[in-house]
Amino acid sequence: MSEPAPPPPAPEGAAARRTALVWDDRLAGYGFSDHHPMNPRRLALTVSLIRALGLVGDEDHPVLAPRLATMDELLLAHDRDFVAAVEQLSLPGADPAAGLPWGLGTEDTPVVEGMDEMARMVVGGTLAAAEAVMEGRARRAFNPAGGLHHARRAEAAGFCIYNDLAVAIRWMQQRYGVRVLYVDYDAHHGDGVQQIFYADPDVLTLSLHESGTYLFPGTGFPDDLGDGEGYGYSANVPLDAHTEDDSFLAALRETLPRLAEAFGPDVIALQNGCDGHVLDPLTHLRFTTRAYEETVRIVGEVADTRCQGRIVATGGGGYAAYSVVPRAWTLVWAGLAGLAAPDALPADWLRAARLEAGHELPLTLRDPPGAFPPAPRRADIEATNDRTVRALLRKILPLLTGWGLAF
Ligand SMILES: [Zn+2]
C-alpha cells in the first residue's frame, strides 16, 4: 500500500458549488424479490422526482455514473472468503442453505442470482461519490442506492450484502489519510459500519436510531464506545420508540457539532436512511419530512465549518417506497445541493406514482405541519431521549477531548 496523499485542497471555482448525484438505471437492480421490503422502485422514483422538479442535470448538479467495485476495493472492508462465497452464491442454481454461514439465504437477505454484481454496483456508486468529493470535482455527492450499513466484514445482514459505506470510508482513508466522521440517522443502528471501524480512532461513527430494545439489530447503546485505540470513537443515541422530529433534531444538535469539534474530521459520510418516517411500515419512529430537510442543513453547517463542505452521502433504509422515500431523498438531495425545492409535486410524476402504488399519495414534497397526530407520551419520550444524550456526552467527550490534549 502506497503512502496516502495529503488531503486535497478545498474545491475551487465551479467545483466548490458542485453537488453530484450518482445514478444509473443499473442501480435499480438491487432487489431480492417482488415481496421483499427493499423495493428498488423507490430509487427510480426518487431520481424521476428529482428530475421532474428540475433539480439535476446542469453543470453544478451533474449525474455521475457508478461502476462495479473491484475485488481489491471490496477487500478494504470484507474478507476474501466472504466475497468468494457471494460470487458462488450468485450463480444460477446456487443452494440458499450454503449461504447461511455468511448471513445469506435468510428471509431478510435471500440468495438471488446475480446478487454479487448488483451489490458491487452499489459499492461502486458510493466509491464514485467519494472519488468526486476527494478529487475536488464536487463538494458533495449523493448515491441514493448506497447506505447498506448492516453488512459486516464476513456476513450479510438486514438486506445488506456489501457495505458500500465502509468500503468508501476505507478508500478515502487509505488514499488520502483523512479522518472521517460517519453520521447515520437510519431508524436502525448502523451496526455494520460501527463494527468495521470499532477499533479505529480515525473514523468516528455517530448513529442515531430507534432503540435496539424495540428494533433490529438490537445494538447501539451509549456504552458501546469503541474498542482499543478506537475507544471513544463510536457514538450511539438510541431513541425511544415514537420519537418525533423535535426530539430527534435536538439530539442531533446536542451531539454532532460537539463530536465534530472534538474529532476534527476532513470529510463527513452521511447515511440518510428514511425509515424513521412515521409512514414507514418497519419501524416505530415518527419523523416527518422536516427531519430529513433539517438534518441535511445541520450536517451541512458542520461540514462547512469543519471540513470545507465535503459530504459523501448515501440513501439507506426506507420501506414506504411510494409515499415517503422519493420525497425524503429529494429533500436530502436539494439540501445537499443548496437548491430550493418547490413544494408542489409535479402532476405527471404524481399520477404515474399513484397508479403504480395503487393507493393515494401525499400531494406535497413536505409533510404539512400537523399532518400526523402528536405521539402519546411525548413529554416522557423527550425526557428519555434527553437523558440518553446526556449519558452519551458525559462518557464520550472526556475520551475525545482528553486524548486530543494528550497529543
Ligand atoms: Zn433502516
Side-chain angles (χ1 to χ4, degrees), residues 22-24 26-32 36-40 42-43 46 66-69 73-79 82-83 85-86 89-90 99 102-104 106 108-112 114-130 141-171 180 182-197 203 205 207 209 216-217 219-220 269-276 282-283 312-319 321 325 329 332:
V22 178
W23 183 249
D24 181 290
R26 288 173 298 172
L27 284 168
Y30 192 93
F32 294 96
H36 193 281
M38 191 75 134
N39 176 353
R42 66 200 192 119
L43 299 172
T46 297
R67 58 183 173 76
L68 283 180
E73 288 165 344
L74 293 179
L75 295 180
L76 291 168
H78 294 289
D79 289 353
F82 172 63
V83 178
V86 175
L89 289 159
S90 296
W102 308 103
L104 287 160
T106 64
D108 272 4
T109 319
V111 164
V112 296
M115 66 185 174
D116 172 62
E117 186 168 323
M118 78 189 198
R120 269 182 205 241
M121 187 64 71
V122 173
V123 178
T126 303
L127 280 168
F142 178 38
N143 174 22
L148 303 179
H149 62 165
H150 294 305
R152 310 292 184 100
R153 284 202 70 84
E155 190 179 4
F159 317 160
C160 305
I161 300 170
Y162 297 137
N163 196 316
D164 57 295
L165 284 156
V167 171
I169 290 169
R170 276 276 183 253
W171 180 86
V180 184
Y182 173 74
V183 181
D184 181 329
Y185 63 109
D186 190 285
H188 302 90
H189 176 220
D191 60 336
V193 177
Q194 176 180 290
Q195 194 184 59
I196 288 168
F197 299 102
V203 178
T205 60
S207 179
H209 47 265
F216 176 91
T219 52
L270 178 64
Q271 201 269 18
N272 295 280
C274 61
D275 43 8
L282 297 194
T283 77
V312 175
T314 68
Y319 307 102
V325 181
W329 287 348
V332 165

S.K.: Can any side-chain N or O of His209 pair as donor or acceptor with the backbone N or O of Ala187 at less than 3.5 Å?
M.R.: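 Pair absent, no side-chain N/O of His209 close to backbone of Ala187.
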
S.K.: Out of the candidates Asp275, Asn39, Thr283, only one should pair with Tyr319 under the side chain to side chain contact (heavy atoms under 4.5 Å, CB included) rule; please name it.
M.R.: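 The passing option is Asp275.
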
S.K.: Taking all non-hydrogen atoms of both residues, which atom of Ala128 and which atom of Pro66 are closest, and how far apart?
M.R.: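 Taking Ala128 first and Pro66 second, the nearest heavy atoms are CB-CA, 4.4 Å.
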
S.K.: Quick check for you: to the nearest 0.5 Å, what is the distance between Leu165 atom CG and Tyr182 atom OH?
M.R.: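 So the gap between those two atoms works out to 5.0 Å.
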
S.K.: Are Val180 and Phe197 close enough that some pair of their side-chain heavy atoms sits under 4.5 Å apart?
M.R.: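 Contact flag for Val180/Phe197 side chains = no.
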
S.K.: Between Trp102 and Phe82, how do the two ring planes meet: parallel, tilted or perpendicular, split at 30° and 60°?
M.R.: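 Plane angle between 30° and 60°, so tilted.
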
S.K.: Apply side-chain contact (heavy atoms from CB on, under 4.5 Å) to the pair Leu127 and Trp171, showing each step before the final yes or no.
M.R.: CA-CA 8 Å; Leu127 280 168; Trp171 180 86; 3.7 Å; yes

S.K.: On a heavy-atom basis, which atom in Val122 and which in Ala145 lie closest, and how many Å separate them?
M.R.: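 Smallest interatomic distance, heavy atoms only, reads CG1-O, 3.4 Å.
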
S.K.: Check for a donor-acceptor pair, side chain of Ser207 on one end and backbone N or O of Gly190 on the other, with a separation under 3.5 Å.
M.R.: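 At least one qualifying donor-acceptor pair exists.
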
S.K.: Can you check whether Gly273's main-chain N or O pairs, donor with acceptor, with Gln271's side chain at less than 3.5 Å?
M.R.: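 A pair under 3.5 Å: yes.
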
S.K.: Indicate the atoms forming the closest heavy-atom contact of Val123 with Ala69, along with that distance.
M.R.: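 Closest heavy-atom pair between Val123 and Ala69: CG1-CB, 3.6 Å.
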
S.K.: Looking at every heavy atom in both Ile169 and Val193, which two are closest together, and how far apart are they?
M.R.: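 Smallest heavy-atom distance, with atoms named: CD1-CG1, 4.4 Å.
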
S.K.: Main chain of Gln194, side chain of His149: is a donor-acceptor contact present, judged purely on distance under 3.5 Å?
M.R.: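 Between the backbone of Gln194 and the side chain of His149 there is no qualifying donor-acceptor contact (under 3.5 Å).
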
S.K.: Taking only residues at least two apart or on different chains, which pairs with a member in residues 182-194 satisfy salt bridge (Lys or Arg N to Asp or Glu O under 4.0 Å)?
M.R.: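 Counting only pairs at least two positions apart or across chains, the salt bridge (Lys or Arg N to Asp or Glu O under 4.0 Å) contacts touching residues 182-194 are Arg152-Asp191.
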
S.K.: Can you sort out the partners of Asp108 under salt bridge (charged side-chain N to carboxylate O under 4.0 Å, His left out), two or more places apart, ordered by chain and number?
M.R.: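 For Asp108 there are no salt bridge (charged side-chain N to carboxylate O under 4.0 Å, His left out) partners, ignoring immediate neighbours.
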
S.K.: So, the side chain of Trp329 versus the backbone of Asn272: is there a donor-acceptor pair under 3.5 Å, distance only?
M.R.: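 Checking the backbone N and O of Asn272 against the side chain of Trp329, a donor-acceptor pair under 3.5 Å is found.
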
S.K.: About how many Å separate CZ of Arg26 and CE of Met118, when rounded to the nearest 0.5 Å?
M.R.: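 Reported to 0.5 Å precision, the distance equals 15.0 Å.
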
S.K.: Apply side-chain contact (heavy atoms from CB on, under 4.5 Å) to residues Met115 and Leu104 and explain how you reach the verdict.
M.R.: CA-CA 11 Å; Met115 66 185 174; Leu104 287 160; 3.9 Å; yes

S.K.: For Arg42 versus Gly317, what's the shortest heavy-atom pair and its separation?
M.R.: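 Reported closest heavy-atom pair: NH1-C, 3.6 Å.
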
S.K.: With sequence neighbours left out, what residues match Arg67 under salt bridge (charged side-chain N to carboxylate O under 4.0 Å, His left out)?
M.R.: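 By the salt bridge (charged side-chain N to carboxylate O under 4.0 Å, His left out) rule, Arg67 matches Glu73, Glu131.
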
S.K.: To the nearest 0.5 Å, how far apart are CD1 in Ile161 and OG in Ser90?
M.R.: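 Ile161 atom CD1 to Ser90 atom OG measures 7.0 Å (nearest 0.5 Å).
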
S.K.: Is there a side-chain contact (heavy atoms from CB on, under 4.5 Å) between Asn163 and Gln195? Walk through the geometry before answering.
M.R.: CA-CA 11 Å; Asn163 196 316; Gln195 194 184 59; over 6 Å; no

S.K.: Strictly under 6.0 Å, is that where the ring centroids of Phe159 and Phe216 end up?
M.R.: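 Centroid distance Phe159-Phe216: not below 6.0 Å, so no.
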
S.K.: Return the CG to CZ distance between Leu68 and Arg120, rounded to the nearest 0.5 Å.
M.R.: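 Taking CG in Leu68 and CZ in Arg120, the distance rounds to 7.0 Å.
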
S.K.: Please tell me whether Thr126 and Asn143 have a donor and an acceptor in their side chains that are separated by less than 3.5 angstrom.
M.R.: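 Short answer, yes.
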
S.K.: For residues Ala156 and Thr109, report the shortest heavy-atom separation together with the two atoms involved.
M.R.: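 Looks like CB-CG2, 4.0 Å.
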
S.K.: Nearest 0.5 Å please: distance from the OH atom of Tyr185 over to the CG atom of Leu270.
M.R.: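 These two atoms lie 5.5 Å from each other.
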
